[in-house]
Amino acid sequence: MANLSSKIGEMIPDGLITDVVPAIEIRGMTIRKGSVETTYTRGTIMALSSGTGGDNKLVILGTEAGSSETLTPTCILTDDVTVGTSDDVDMTVYTAGCFDPNKITVKEDYVITADDEDALRKYNIVFKAAQN
């Protein structure tokens, strides 16, 4: 008979998700390869490339848009991922949910704007700090 009460793993909460409303939604998207290998951590806000110069792939929020490209914040990484220089990477992202603003990441020296928060809110991504 199988032992159904044995411990098989452990989960350590990191505080990224702070509420069940709005409900978490996860989907797969593609992260654009870079000019240098980069590791993005869980909780990184990603922007979707669109427009006539866009490629429908994700880049870290704070990346400078290319010619005829629009970068719109759309999602948050579910896990750490390393993106190389030769291939794009398919990854899961949160496309809706409530997140702690102190646990998210953007490109170094970039400050999240009210417009960024409004764009994310359109995707049902909201921020609420966790209680101490």
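The figures here come from the full heavy-atom set of this structure, side chains too, leaving out hydrogens, waters and symmetry mates.
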[X] to [Y] - nearest heavy-atom pair and separation:
X	Y	result
Asn102	Asp100	N-OD1, 2.8 Å
Glu37	Thr85	N-CG2, 3.7 Å
Ser49	Gly54	OG-CA, 3.1 Å
Leu16	Tyr94	CD2-CE1, 4.1 Å
Ile112	Glu117	CG2-CG, 3.9 Å
Leu120	Thr74	CD2-N, 3.8 Å

**Study point:** From CE (Met46) to CD1 (Ile76), nearest 0.5 Å
**Key:**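 Rounded to the nearest 0.5 Å, the CE-CD1 separation comes out at 11.0 Å.
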Practice item. Calculate, to the nearest 0.5 Å, the distance between atoms OG and CG belonging to Ser50 and Leu71 respectively. Key: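 Nearest 0.5 Å value for the OG-CG distance: 7.5 Å.
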Review point. According to the side chain to side chain donor-acceptor pair (under 3.5 Å) rule, which pairs have a member within residues 56-65, sequence neighbours left out?
Key: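 Residue pairs passing side chain to side chain donor-acceptor pair (under 3.5 Å), neighbours aside: Lys57-Asp88.
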Exercise for review: Have a look at Tyr40 and tell me which of Ile31, Asp79, Val89, Asp80 forms a side-chain contact (heavy atoms from CB on, under 4.5 Å) with it.
Suggested key: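 One option only clears the test, and that one is Ile31.
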Practice item. Decide side chain to side chain contact (heavy atoms under 4.5 Å, CB included) for Lys128 and Val126; before the verdict, give the C-alpha distance in whole Å, the side-chain angles of both, and the deciding distance to 0.1 Å. Key: CA-CA 7 Å; Lys128 179 173 86 173; Val126 297; 6.0 Å; no
Exercise for review: Indicate, with yes or no, if Ile17 and Ile45 share a hydrophobic cluster defined by side-chain heavy-atom contacts under 4.5 Å among Ile, Leu, Val, Met, Phe, Trp and Tyr.
Suggested key: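 Ile45 clusters together with Ile17.
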Residues 20-30 side chain polar contacts: donor-acceptor under 3.5 Å, at least two apart:
{"from": "Thr30", "atom 1": "OG1", "to": "Asp90", "atom 2": "OD1", "distance (Å)": "2.7"}

Review point. Less than 4.5 Å apart, any side-chain heavy atom of Phe99 and any of Thr18?
Key: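 Answer no - side chains too far apart.
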Review point. Just by modelled atom types, is the Thr113 backbone N or O under 3.5 Å from a matching donor or acceptor in the Asp116 side chain?
Key: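 It does hold such a pair.
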